[in-house]
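Below is one structure, written out as structure tokens; the observations come after it.
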Amino acid sequence: MKLVQKVYYLLFRIVGWLPRKKALVMFESFSGKQYSCNPRAIFEYMEEHNPEYELLWSVNPKYVDLFEAHGVPYVKRFSVSWLFKMGLAKYWVSNSRLPLELPKPKNTIYVQTWHGTPLKKLGVDIDEVHMPGQTTEQYKADFVKEAQKWDYLISPNAYSSAIFRRAFGFTGEMIESGYPRNDILFSADKELKIANIKKELALPEEKKVILYAPTWRDNDFYEAGKYKFDLKIDIAKMQEKFGDEIVLLVRMHYLVAEHFDFAQYGDFVRDASNHEDIRDLYLVSDLLITDYSSVFFDYANLQRPMLFYTYDLAEYRDTLRGFYFDFEENAPGPLVETNEALMSELEKMLENPPKIEDSFLEQFCTWEDGHAAEKTVKIVFAEK
């Protein structure tokens, strides 16, 4: 570690010995790159119901414009100000791992919300890590070391609770509330929200919206920390076949560094990769196309059709990650491996949208009721 980093973390440790600012809550989403996910939902709930707390976001300096646009209070990650705010805060709320070198002060409460129901193996359950710059043993050890800092971990369903305990080596308190980020899918003014989001994204009312939201591949990268993605959908063919009836909304995973240029497809494709929160895209879409991304567990709450474009199924399942259950047997929609099959299945589903099996909804969605943020806040911020 560089000398400056060592000094910084030493100062952080010293600040951590000082008394806590009991009303200060620090939020972070995807390493400070997004204003989204479970931390955002908890923040919004507290902003409305808990004015006695100071709510502050930890933000990667490259992404401050997003927080400025929303008028959200923030501090730049790893700045001097961040050192004191993060070092003195009574509460941390994050949806992904914080830097391993960052010591958690003894009396700080760390709420780890995580960011998805697992299909692909996580943490110590991964047989072999294919990420650049990490051995399998070190990756697992680092994950467990980080999880030991968590006081609370939010779980979206009983299936996830069992996996999280084992895969993260987590021994703290599990908040079995469902995911706060999915509360919006049950909101009373959902139709108004949909209309506003469609207007913001300039989506035509007369066309159906197809959301394409794939995940990343551990072994597809430029260098450590910079991943790429090879778009396998034949968009030109899709536009030719469905251009009059659909709009394709594309949302790439936050880890994918590739920049895609969809200009040649005109208004047929809308790149929503930089839209601050995928929950908005769920609401306005009529059908989801994904692969192994955990988005399909969340989207299932809307009970809308899903199609799985799994062109590299064997490699992903058997080599890269491995799955926790038989995906081919239990996916809440058809799996296709070629563009031809994708177009054919999409055509069928647009004409006759299938329903999601009750058994899938019972296993993965029964905790979701629109009150997960409220439940979480009442547990974490209750007077002890």
Side-chain angles (χ1 to χ4, degrees), residues 25 27 29 34-53 55 57 69-72 93 95 111 113-117 154-158 160 175-211 213 247 249 251 272 275-288 294-306 332 353 355-356 358 360-382:
V25 189
F27 294 86
S29 180
Q34 289 189 18
Y35 174 52
S36 68
C37 197
N38 295 310
R40 177 178 178 176
I42 295 168
F43 168 83
E44 289 175 340
Y45 179 86
M46 292 187 72
E47 196 175 35
E48 182 178 351
H49 297 94
N50 301 87
E52 68 274 22
Y53 286 93
L55 312 176
W57 280 81
H70 283 275
V72 176
V93 180
N95 71 345
V111 183
T113 75
W114 204 239
H115 51 263
T117 293
I154 296 178
S155 173
N157 42 58
S160 296
I175 299 175
E176 297 186 315
S177 60
Y179 268 154
R181 68 184 185 190
N182 289 332
D183 288 351
I184 194 172
L185 306 182
F186 298 88
S187 57
D189 61 345
K190 187 166 66 177
E191 294 306 317
L192 177 61
K193 282 184 168 67
I194 290 172
N196 289 336
I197 297 164
K198 281 191 170 184
K199 188 175 180 181
E200 179 190 345
L201 297 174
L203 296 172
E205 287 292 335
E206 71 277 6
K207 293 186 178 182
K208 289 190 174 178
V209 178
I210 309 299
L211 173 60
V247 171
L249 204 55
R251 169 73 169 205
H275 188 80
E276 66 264 20
D277 205 318
I278 196 171
R279 66 186 188 178
D280 295 343
L281 311 184
Y282 294 155
L283 283 174
V284 298
S285 59
D286 298 286
L287 182 148
L288 171 69
S294 64
V295 298
F296 73 85
F297 293 104
D298 296 330
Y299 193 77
N301 286 288
L302 291 168
Q303 299 189 39
R304 297 175 188 168
M306 290 180 267
K355 293 187 181 299
I356 297 174
D358 288 342
F360 183 90
L361 297 172
E362 287 167 12
Q363 184 174 9
F364 299 109
C365 301
T366 50
W367 290 358
E368 307 280 13
D369 62 1
H371 297 283
E374 178 185 357
K375 293 173 192 172
T376 298
V377 170
K378 286 184 175 177
I379 290 171
V380 174
F381 297 91

Can you measure from CG (Leu361) to CD (Gln303) and round to the nearest 0.5 angstrom?
5.0 Å
Does any non-hydrogen side-chain atom of Phe381 lie less than 4.5 Å from one of Met46?
yes
Those residues at least two apart in sequence (or on a different chain) that pass ring pair (Phe, Tyr, Trp, His ring centres under 6.0 Å) with His371 are none
Between Leu288 and Val295, is any pair of side-chain heavy atoms under 4.5 Å apart?
yes
Can you see which heavy atom on Ser36 is nearest to which on Ser29, and at what distance?
OG-OG, 2.9 Å
Do Ser160 and Ser155 have side-chain N/O donor and acceptor atoms under 3.5 Å apart?
no
How far apart are the C-alpha atoms of Arg279 and Glu44, what are their side-chain angles, what is the distance that settles it, and do they pass the salt bridge (charged side-chain N to carboxylate O under 4.0 Å, His left out) test?
CA-CA 14 Å; Arg279 66 186 188 178; Glu44 289 175 340; 3.1 Å; yes
Between Trp57 and Phe43, is the gap from one ring center to the other below 6.0 Å?
yes
For Ala41 and Pro180, which heavy atoms make the closest approach, and how far apart are they?
CB-O, 3.3 Å
Once you measure the plane-to-plane angle for Phe360 and Phe364, does it fall in the parallel (<30°), tilted (30-60°) or perpendicular (>60°) bin?
tilted
Minimum side-chain heavy-atom gap Glu368-Leu185 below 4.5 Å:
no
Is the distance between the ring centroids of Tyr35 and Phe27 under 6.0 Å?
no
Is any side-chain heavy atom of Arg304 less than 4.5 Å from a side-chain heavy atom of Leu211?
no
Test of understanding: with side chain to side chain donor-acceptor pair (under 3.5 Å), list the residues that count as partners of His70, not counting sequence neighbours.
Glu276
Do Phe296 and Pro332 have side chains that get closer than 4.5 Å, going by heavy atoms?
yes
Under 3.5 Å, side-chain donor or acceptor atoms of residues 194-209 against the rest of the protein: list the pairs with distances, not counting sequence neighbours.
from	atom 1	to	atom 2	distance (Å)
Asn196	ND2	Leu192	O	3.4
Lys207	NZ	Gly243	O	3.1
Lys208	NZ	Leu350	O	3.3

Asp183 and Lys375 ion-paired at < 4.0 Å
no
Taking the side chain as every heavy atom from C-beta outward, state whether Asn182 and Tyr179 have any pair of such atoms under 4.5 Å apart.
yes
State whether Asp298 and Arg181 are salt-bridged, where the test is any N-O pair (Lys NZ or Arg NE/NH1/NH2 against Asp/Glu carboxylate O) under 4.0 Å.
yes
Is the closest side-chain donor-acceptor distance between Tyr299 and Ser285 under 3.5 Å?
yes
To the closest 0.5 Å, what do you measure between CG (Asn38) and CD1 (Ile175)?
10.5 Å
If I take atom NE2 from residue His115 and atom OG1 from residue Thr113, how far apart are they, to the nearest 0.5 angstrom?
8.5 Å
To the nearest 0.5 Å, how far apart are CD1 in Ile379 and CD in Glu176?
9.5 Å
Is any side-chain heavy atom of Arg251 closer than 4.5 Å to a side-chain heavy atom of His275?
yes
Please tell me whether Asn157 and Thr117 have a donor and an acceptor in their side chains that are separated by less than 3.5 angstrom.
yes
Is there a side-chain contact between Leu249 and Val284, using heavy atoms and a 4.5 Å cut-off?
yes
